[in-house]
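Both ligands and their constituent atoms are indexed starting at 1 by order of listing. Remember, predicted model here, so these are calculated numbers, not experimental data. By convention here, the first residue in the shown sequence is residue 1.
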Amino acid sequence: MFYPSALSIAGSDCGGGAGIQADLKTFQELDIYGMSVITAVTAQNTQEVKEVFPLPLQTVEAQLQAIGEDFTPASTKTGMLYSAEIIQLVASAIKCYAWPQIVIDPVMISKSGAVLLQPSAMDTMLDILLPLACLITPNIPEAELISGIEIVDVPSLYEAGQRICSMGVPHVLLKGGHREDSVESTDYLITRDTYLALSSPRIHTRHTHGTGCTLSAAITSGLAKGNSIEKAVSLGKKFIMNAIAYPIEVDSRHLYGPVNHWAYADRGDMR
Ligand SMILES: Nc1ncnc2c1ncn2[C@@H]1O[C@H](COP(=O)(O)OP(=O)(O)OP(=O)(O)O)[C@@H](O)[C@H]1O
Ligand SMILES: Cc1ncc(CO)c(N)n1
């Protein structure tokens, strides 16, 4: 029996709240052996992404190959992929090494507005990466861009999720973190013919840097341990709820403070 392992293919956030850093902290906290393939280095803090440096394709390819030749991660998540060329390398590695349980967090734009996926790369992501995944976790603006449907209420949200399923992915977790009008923060797990609403109280907080990355890494951890998608998503929701609800103050200058990666109440249930 092997120890559960997971791989994150994503960008580096030197501020430690999002990207690869959030993913590895989450894997560690959930007792997963974490691995990383870095696609880009960002110079960012809680206030803004100052610069984005995509890594040379050869550097990304060499990391994918090194992992593929020696490990089979039980599950893999993708985050910031930046370009069509990087997406092509990632899709080839997933197929070549037959990595199972792929979760796509379709990171496009940071909270401060920086481009983390070139607009021209979206079609490549949808055409060649999406069909390899078991789950995609868009926020509302990302789901609107992918589906071409404006989300104004729950029926249009459901329709957008179903449209994305019809593009070749069996499950869509459409995250409601951007619906600021609501008293609940509800995410919807959508398949071609069902949907499940997962709600938690909406917390008024500045500490939302890295919420999406942390949620998808927690779900990927649940999958690595052999849980169903439904169970892994519900465990992930619990993890992010606690990470937002019990913030840590790392520095008073922070704009969007980081979430707390080691703050969930019921560790027994998560582990
Ligand atoms: N203020 C909040 N209170 C409670 N839950 C929240 C809040 N903001 C976000 N969440 C939850 O955090 C998770 C991530 O959602 P969100 O929509 O913020 O993702 P995201 O926009 O992809 O994040 P990121 O900006 O890190 O890419 C979801 O489960 C969402 O419901
Ligand atoms: C590297 C990276 N990935 C994802 C996010 C989330 O938006 C971010 N801010 N930075």
Side-chain angles (χ1 to χ4, degrees), residues 8-24 26 36-55 77-82 86 103-117 136-146 151 157 172-189 196-219 232-247 255-261 263-264:
S8 168
I9 305 174
S12 162
D13 167 9
C14 60
I20 285 283
Q21 287 80 356
D23 295 345
L24 290 177
T26 304
S36 60
V37 166
I38 301 181
T39 55
V41 171
T42 67
Q44 69 171 294
N45 53 31
T46 65
Q47 312 195 16
E48 61 176 331
V49 177
K50 295 162 100 59
E51 284 192 80
V52 171
F53 303 96
L55 292 188
K77 67 153 277 189
T78 65
M80 174 187 179
L81 297 175
Y82 192 69
I86 293 178
V103 176
I104 300 177
D105 182 3
V107 170
M108 294 182 187
I109 298 191
S110 74
K111 283 202 170 77
S112 60
V115 172
L116 304 181
L117 178 75
I136 184 168
T137 64
N139 61 27
I140 288 176
E142 290 160 353
E144 289 183 327
L145 274 171
I146 296 171
I151 298 175
L157 182 147
V172 176
L173 181 68
L174 221 157
K175 299 174 290 192
H178 289 245
R179 296 186 78 187
E180 286 176 3
D181 49 330
S182 166
V183 292
E184 302 224 290
S185 195
T186 306
D187 303 338
Y188 297 84
L189 182 61
L196 175 70
L198 297 121
S199 291
S200 60
R202 183 160 188 89
I203 297 152
H204 293 283
T205 175
R206 293 183 299 113
H207 292 263
T208 54
H209 181 63
T211 48
C213 304
T214 300
L215 173 65
S216 56
I219 295 170
V233 165
S234 110
L235 290 172
K237 178 77 175 162
K238 196 166 167 187
F239 187 89
I240 190 63
M241 190 180 76
N242 283 290
I244 297 171
Y246 303 102
L255 180 58
Y256 300 114
V259 300
N260 181 352
H261 290 99
Y264 50 81

Proximal atoms of ligand 1 relative to Lys175 (non-hydrogen, under 4.0 Å): 14 (C), 15 (O), 17 (O), 19 (O), 20 (P), 22 (O)
Proximal ligand 1 atoms for Lys237, defined as those under 4.0 Å from one of its heavy atoms: 29 (O), 31 (O)
Expected output: side-chain Thr137 to main-chain Leu173 donor-acceptor under 3.5 Å: no
Heteroatom proximity flag, Thr186 to ligand 1, N/O under 3.5 Å: no
Candidate pair His261 and Thr214, rule side chain to side chain contact (heavy atoms under 4.5 Å, CB included), full reasoning: CA-CA 8 Å; His261 290 99; Thr214 300; 2.9 Å; yes
Approximate separation, where rounding is to 0.5 Å, of Ile104 CD1 and Ile9 CD1: 10.0 Å
Within reach of ligand 2, part of Leu116 (heavy-atom separation under 4.0 Å): side chain
Expected output: side-chain Thr186 to main-chain Leu198 donor-acceptor under 3.5 Å: no
Proximal ligand 1 atoms for Ile203, defined as those under 4.0 Å from one of its heavy atoms: 1 (N), 2 (C), 3 (N), 4 (C)
Close N or O approach (Asp187, ligand 1; < 3.5 Å): yes
Heavy-atom closest pair, residues Met241 and Ser200: SD-CB, 3.3 Å
Atom indices of ligand 1 within 4.0 angstrom of Leu215 heavy atoms, with elements: 13 (C), 28 (C), 29 (O)
Sub-4.0 Å atoms of ligand 1 with respect to non-hydrogen atoms of Pro201: 4 (C)
Options Glu48, Lys111, Gln44, ranked by nearest heavy atom to atom 2 (C) of ligand 2, top entry: Gln44
Interfacing atoms of ligand 1 (cut-off 4.0 Å, heavy-atom, Ile240): 12 (O), 29 (O)
Distance-only N or O hit between ligand 1 and Thr211, under 3.5 Å: yes
Atom 4 (C) of ligand 2 - nearest protein heavy atom and its distance: Cys213 SG, 3.5 Å
Atoms of ligand 2 close to Gly11 [distance to a heavy atom under 4.0 angstrom, numbered from 1]: 1 (C)
Student check: side-chain heavy atoms of Ile109 and Pro141 closer than 4.5 Å: no
Lys111 contact mode with ligand 1 (heavy-atom cut-off under 4.0 Å): side chain
Heavy-atom donor-acceptor pair, Asp13 side chain to Gly19 backbone, under 3.5 Å: no
Lys111 side-chain N/O to Thr208 backbone N/O, donor-acceptor pair under 3.5 Å: yes
Asp187 side chain vs Gly176 backbone, donor-acceptor pair below 3.5 Å: yes
Option of least heavy-atom distance to atom 4 (C) of ligand 1 (set: Pro138, Ser185, Ala245): Ser185
Heavy-atom pair of closest approach, residues Gly257 and Thr46: CA-CG2, 4.5 Å
Residue-ligand contact Val107/ligand 1, heavy atom below 4.0 Å: no
Nitrogen or oxygen atoms of Thr208 and ligand 1 under 3.5 Å apart: no
Contact check, Gly210 vs ligand 1, heavy-atom distance below 4.0 Å: yes
Any donor-acceptor pair under 3.5 Å from Ser36 side chain to Ala10 backbone: no
